[in-house]
Amino acid sequence: MRRALVLVLAAAVMLMVAACGSSSKSSSSTTTSGGTAVAGSSAGGAAASLDGNITVYSGQHEQTMSALVSVFEKQSNIKVSVRSDDEATLANQLLQEGSASPADVFVGENPPALTVLDDNHRLAKT
């Protein structure tokens with residue numbers, strides 16, 4: 001159930017980001033044409049905790065993300081913590097945190113950050 005809710009948030013973000021008209025490298029990880037990715041380790045990472053909270057690392061527009069999060073929280077009763085910064089900074093942070101990262105979802109649209117995360121197995125597999 002929790003994984004499904006995280007994926008719903010990721011899908012909502014993907015729709016908003018896809019509207020910006022960007023595309024990224026295809027891979028076997030949970031990435032979308034808009035660049036939304038579910039962060040996590042191969043051990044289950046994304047949505048592993050069941051505490052009613054998820055953490056999103058967002059390299060996207062804070063105003064757009066805030067609106068998406070607000071709707072998601074109202075519909076799901078799940079609290080979302082958003083860490084906003086440049087995509088490269090957040091991708092680097094995910095790499096440094098490794099499997100201890102609190103991130104459940106990574107939102108970005110540029111191939112360099114997504115490629116680095118995918119190459120380092122920091123994105124959940126579908």
S.K.: Output the distance between atom CG (Leu68) and atom CD (Glu73), rounded to the nearest 0.5 Å.
M.R.: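 Reported to 0.5 Å precision, the distance equals 11.0 Å.
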S.K.: Within the 4.5 Å heavy-atom criterion, are Phe72 and Val56 side-chain neighbours or not?
M.R.: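 The answer is no; the side chains never approach within 4.5 Å.
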S.K.: Identify every side-chain donor-acceptor pair in residues 88-98 under 3.5 Å, counting partners at least two apart or on other chains, and give the distances.
M.R.:
unit_1 : atom_1 : unit_2 : atom_2 : d
Gln93  : NE2    : Glu97  : OE2    : 2.9
Glu97  : OE1    : Tyr57  : OH     : 2.8
Glu97  : OE1    : Ser101 : OG     : 2.7
Glu97  : OE2    : Tyr57  : OH     : 2.9
Glu97  : OE2    : Arg83  : NH1    : 3.4

S.K.: Quick one: pull up OG in Ser84 and NE2 in His61 and give me the separation to the nearest 0.5 Å.
M.R.: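 The NE2 atom of His61 is 11.5 Å from OG of Ser84, to the nearest 0.5 Å.
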S.K.: Just how far is it from atom CG of Asp119 to atom NE2 of His121, taken to the nearest 0.5 Å?
M.R.: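 Asp119 atom CG to His121 atom NE2 measures 7.5 Å (nearest 0.5 Å).
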S.K.: Has the side chain of Asp118 got a donor or acceptor atom that lies under 3.5 Å from a matching backbone atom of Leu114?
M.R.: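 Looks like no, no N/O pair under 3.5 Å.
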S.K.: How long is the gap from OG on Ser99 to CZ on Arg122, to the nearest 0.5 Å?
M.R.: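 These two atoms lie 6.0 Å from each other.
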S.K.: Could you name each residue pair satisfying salt bridge (charged side-chain N to carboxylate O under 4.0 Å, His left out) that touches residues 54-69, not counting sequence neighbours?
M.R.: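 Not a single pair qualifies under salt bridge (charged side-chain N to carboxylate O under 4.0 Å, His left out).
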